[in-house]
Amino acid sequence: MNGYSAVDAAARAGVQVEFFNQLLELGLVRADPDGLFDAAEVRKAHLIKLLEAGGIAPDDLASVIRSQGLSLDFIGSAGYRVFALTSETTFSELAERNGLPVELLLVIREAMGGVEARPDDLMRDDELEVVPLVELQLAEGLRPIAIERTLRVYGDSLRRIAEAEAEWWRTDLVGPMLARGLTESDVAARAGDISPRLSIASDRATMAIYHAQQRHAWTTNIVGGIAGAFARAGLRSQREQYPAMCFLDITGYTRLTQEQGDEAAAGLATKLSRLVQRTSLQFGGRAVKWLGDGVMLHFPDPGQGVVAALEMVGGASDVGLPPAHVGLHSGPVIFQEGDFYGQTVNMASRIGEYARPGEVLVSQEVVDAAADAPVTFREIGPVELKGVPVAMRLHSAHRGR
């Protein structure tokens, strides 16, 4: 299609025809010589509606554009195609036509950062692109609840990426340009130039990192599957080994960042992140989530987890961080929506809270599972921990045997 009528353009932008006509009268959208509107003008109408929701009225916007020479034409560049158009299909219509649960389709909008949708709402073009994945997953027998959880993890993880990108765009690109005396119009023109190139490079980088993470996760499944096949064939016994959950905290981190300010806090956070990511990967683990002044980690091999914990505690002082303290416990865990849950996680957290600055404390279960690790353990006796009904045998871990 070469262009849309005003009625169709309004529908594709997800706005009322009256609102679209108002934008036309204000000169905020423009028709071509045939009276039609291209996709860029439709996206512009969608953006202006979002601006209105944020408190910027269209007539005020038009006034600023006229007086300041501001332009919204940058929205037509390739980098801004993220402002997807509205389709002609509702959630319920697609569900009925393709035989899909409408409740599952509605989750797509929430995963993509939208407000809760209704079955009769029109879907966006980008939401339609998610549907083939859902169809394939259902056809292969995945439970709707498992698909929903995955969609929400996609949404939450990618939201964090998008917010990080938006932050450096504001602080490291737009901010310095304005500081050099460029006008908002100059900045918009520059953004229209660099946005397509950054968008393409960002898409490729994001997918490359995602595929690498898939490789790590898939390898775990493959190894587990092959090990199970060996066990069923009687080629070797399969010893069940539970993973270790690890909690690392920085002593006095919150107080220190409050005293030194946001910039110092950001520097400490960067140092901690680099230390944790590098060390956990080196020893076969991964950081699951950050907890303000610390981090929760998962190690399939408890022995490797202990070695990693000792390295991180030692590394914290080496990079100028306050003393770290760590707690580890091994046992069954529940994996759901990208996170780990269960008593094993809770006990590891309690052990970490009990540990003193510079100390790595582990449970008896970790000691039993770490017989081959190059570490030694010193029992500190049964310890009563907050929220744990029975006393736990805890050990301090040290490098070397």
Side-chain angles (χ1 to χ4, degrees), residues 13-14 43 46-47 49-50 53-54 79-87 89-95 98 100-170 195 198-218 221 273 277 286-292 295-296 298 334-341:
R43 291 191 182 95
H46 177 68
L47 173 61
K49 186 64 176 177
L50 296 177
Y80 290 93
R81 289 179 183 169
V82 293
F83 292 92
L85 306 184
T86 302
S87 76
T89 303
T90 67
F91 287 93
S92 59
E93 288 171 345
L94 183 66
N98 293 23
L100 302 171
V102 68
E103 297 81 6
L104 190 55
L105 293 181
L106 294 174
V107 174
I108 295 176
R109 175 157 297 178
E110 294 181 49
M112 299 179 81
V115 297
E116 183 177 355
R118 297 167 299 184
D120 292 335
D121 287 344
L122 291 171
M123 299 185 70
R124 295 196 310 264
D125 287 344
D126 53 1
E127 293 168 342
L128 291 173
E129 293 183 16
V130 181
V131 174
L133 171 62
V134 173
E135 290 180 312
L136 182 59
Q137 290 172 322
L138 287 170
E140 292 299 326
L142 274 72
R143 293 169 298 134
I145 186 62
I147 299 173
E148 177 178 342
R149 288 171 180 168
T150 303
L151 288 174
R152 295 188 186 281
V153 171
Y154 282 160
D156 184 60
S157 301
L158 294 171
R159 172 188 56 78
R160 295 174 62 190
I161 294 173
E163 289 176 349
E165 289 178 334
E167 177 64 14
W168 62 248
W169 177 275
R170 182 181 64 82
S195 175
L198 280 173
S199 181
I200 292 171
S202 175
D203 287 353
R204 293 182 63 181
T206 300
M207 291 309 300
I209 296 171
Y210 170 53
H211 290 154
Q213 294 291 352
Q214 282 183 317
R215 180 173 69 250
H216 300 320
W218 293 3
N221 282 352
S273 176
Q277 297 290 1
R286 70 180 181 90
V288 179
K289 61 183 177 182
W290 295 88
L291 305 165
V295 58
M296 182 177 87
H298 172 269
I334 299 171
F335 181 75
Q336 181 174 304
E337 296 188 13
D339 202 351
F340 292 90
Y341 302 88

With sequence neighbours excluded, residues passing salt bridge (charged side-chain N to carboxylate O under 4.0 Å, His left out) with [X]:
X    : answer
E116 : none
D203 : none
R286 : none
R160 : none

Heavy-atom pair of closest approach, residues A117 and F91: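 Here A117 and F91 meet closest at CB-CE1, 3.8 Å.
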For Y154, ring-ring contact (aromatic ring centres under 6.0 Å, His included) partners two or more places apart: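 Residues passing ring-ring contact (aromatic ring centres under 6.0 Å, His included) with Y154: none at all.
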Those residues that, when tested against H298, pass ring-ring contact (aromatic ring centres under 6.0 Å, His included) (two or more places apart): F340
Who passes side chain to side chain contact (heavy atoms under 4.5 Å, CB included) against [X], sequence neighbours left out?
X    : value
L128 : S87, L94, M123, D125
Q214 : Y210, H211, W218
E93  : T89, T90

Electrostatic pair D120-R118, nearest N-O below 4.0 angstrom: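 The answer is no: the pair does not qualify as a salt bridge.
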E165: side-chain hydrogen bond (donor to acceptor under 3.5 Å, both in side chains) partners, not counting sequence neighbours: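 side-chain hydrogen bond (donor to acceptor under 3.5 Å, both in side chains) list for E165, sorted by chain: S202.
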Which side-chain N or O atoms in residues 105-115 pair as donor and acceptor under 3.5 Å with protein atoms at least two apart or in another chain?
from, atom 1, to, atom 2, distance (Å)
R109, NE, E127, OE2, 2.7
R109, NH2, L122, O, 2.9
R109, NH2, E127, OE1, 3.1
R109, NH2, E127, OE2, 3.4
E110, OE1, R152, NH1, 3.3

Interatomic spacing from [atom1] in [X] to [atom2] in [Y] - rounded to 0.5 Å:
X    : Y    : atom1 : atom2 : answer
I209 : M207 : CD1   : CE    : 11.0 Å
I200 : S195 : CD1   : OG    : 9.5 Å
I161 : E163 : CD1   : CD    : 11.0 Å
D126 : T86  : CG    : OG1   : 9.0 Å

Name each donor-acceptor pair under 3.5 Å that joins a side chain in residues 134-146 to protein atoms two or more places apart or in another chain, with its distance.
from, atom 1, to, atom 2, distance (Å)
E135, OE2, N98, ND2, 2.7

